[in-house]
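The structure appears below as structure tokens.
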Amino acid sequence: MSLVLERETPPLREDETGAIRVGNSRVLLEVVIRAFQDGASPESIVQRYSTLSLSDVYSTIGYYLRHQNAIKSYLNHREQLAESVQQRLSSVQPDLSLIRSRLLAQQQS
């Protein structure tokens, strides 16, 4: 009996915004990788995100371990993008701490 080895592609897909999702879920690659880096097992990641399959999480982690530099670059890019969005939101939204202080002062009086 011989085993037929097949080349498999990682269960990753890029959505319309450029974010990479795992399997058929909406779970982001960075969520799975950060959880793994924080010490979560594939089984516990699947428990947290029930739309993930265990095989997809194992495959994703395996892909990450074989392509750490590329994944690290992607994660850095996503962090920079998140900071940019946060700065844009901060510049558009008013400082809510002043409103909160006034409401608390009114509530106490």
Side-chain angles (χ1 to χ4, degrees):
M1 181 164 139
S2 67
L3 178 65
V4 176
L5 299 177
E6 296 178 25
R7 185 174 294 261
E8 291 187 12
T9 58
L12 303 172
R13 61 185 170 76
E14 188 172 356
D15 70 11
E16 61 281 352
T17 67
I20 297 179
R21 309 276 178 180
V22 177
N24 293 323
S25 75
R26 301 266 313 139
V27 179
L28 294 167
L29 172 63
E30 53 262 38
V31 169
V32 172
I33 298 305
R34 295 290 184 222
F36 176 71
Q37 288 173 334
D38 289 341
S41 68
E43 290 80 6
S44 66
I45 294 171
V46 170
Q47 285 178 342
R48 282 189 222 168
Y49 305 99
S50 60
T51 57
L52 291 172
S53 74
L54 188 58
S55 63
D56 284 350
V57 173
Y58 269 105
S59 294
T60 298
I61 291 169
Y63 184 82
Y64 159 69
L65 292 173
R66 287 187 301 279
H67 301 92
Q68 289 187 44
N69 289 335
I71 299 292
K72 192 179 292 186
S73 293
Y74 170 77
L75 295 177
N76 288 337
H77 171 72
R78 295 289 293 174
E79 285 176 13
Q80 290 171 356
L81 183 62
E83 288 173 16
S84 164
V85 169
Q86 180 64 37
Q87 288 174 356
R88 239 185 339 212
L89 288 175
S90 295
S91 69
V92 173
Q93 291 181 342
D95 184 7
L96 299 178
S97 63
L98 297 173
I99 296 171
R100 185 172 190 276
S101 297
R102 277 189 285 159
L103 289 173
L104 286 173
Q106 278 181 338
Q107 187 179 24
Q108 292 174 353
S109 57

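Since this is a predicted model, take the numbers as computed values, not measurements.
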Q: Starting at OH of Tyr64, measure out to CD of Gln37 and round the result to the nearest 0.5 Å.
A: 4.0 Å
(Q) Do Ile20 and Arg78 make a side-chain contact, defined as non-hydrogen atoms from C-beta onward lying under 4.5 Å apart? (A) no
**Q.** Straight-line distance of Tyr58 OH to Ser41 OG, nearest 0.5 Å
**A.** 7.0 Å
Q: Following the transitive rule for hydrophobic clusters with a side-chain heavy-atom cut-off under 4.5 Å over Ile, Leu, Val, Met, Phe, Trp and Tyr, establish whether Val31 and Val85 coincide in one cluster.
A: no
(Q) Are Ile33 and Thr60 packed together at the side-chain level, in the sense that at least one heavy-atom pair is separated by less than 4.5 angstrom? (A) yes
Q. Which of these, Leu29, Asp56, Val32, sits in a side chain to side chain contact (heavy atoms under 4.5 Å, CB included) with Leu12?
A. Leu29
Q) Do Leu89 and Ile99 belong together in a cluster built from hydrophobic side chains that touch within less than 4.5 Å? A) no
(Q) Is it the case that atom CD in Glu43 sees more than 12 heavy atoms from other parts of the structure closer than 6.0 Å? (A) yes
Q. Would you say the side chain of Leu28 lies within less than 4.5 Å of the side chain of Val22, judging by non-hydrogen atoms?
A. no
Q: Mind checking the CG-CG spacing from Leu81 to Asn76? Nearest 0.5 Å is all I need.
A: 12.5 Å
Q. Taking atom CG of Asp38 as the centre, does the number of heavy atoms from other residues, nucleotides or ligands within less than 6.0 Å exceed 12?
A. yes
Q: Over all heavy atoms of both residues, which pair between Gly23 and Arg13 is shortest? Give the atoms and the distance, please.
A: O-NE, 2.9 Å
Q) Is there side-chain contact between Ile71 and Tyr63, with heavy atoms separated by less than 4.5 Å? A) yes
Q. Can you tell me how far CD of Glu79 sits from CD of Gln86, rounded to the nearest 0.5 angstrom?
A. 13.5 Å
Q. How many angstroms lie between atom OG of Ser50 and atom CD1 of Ile45, to the nearest 0.5 angstrom?
A. 14.0 Å
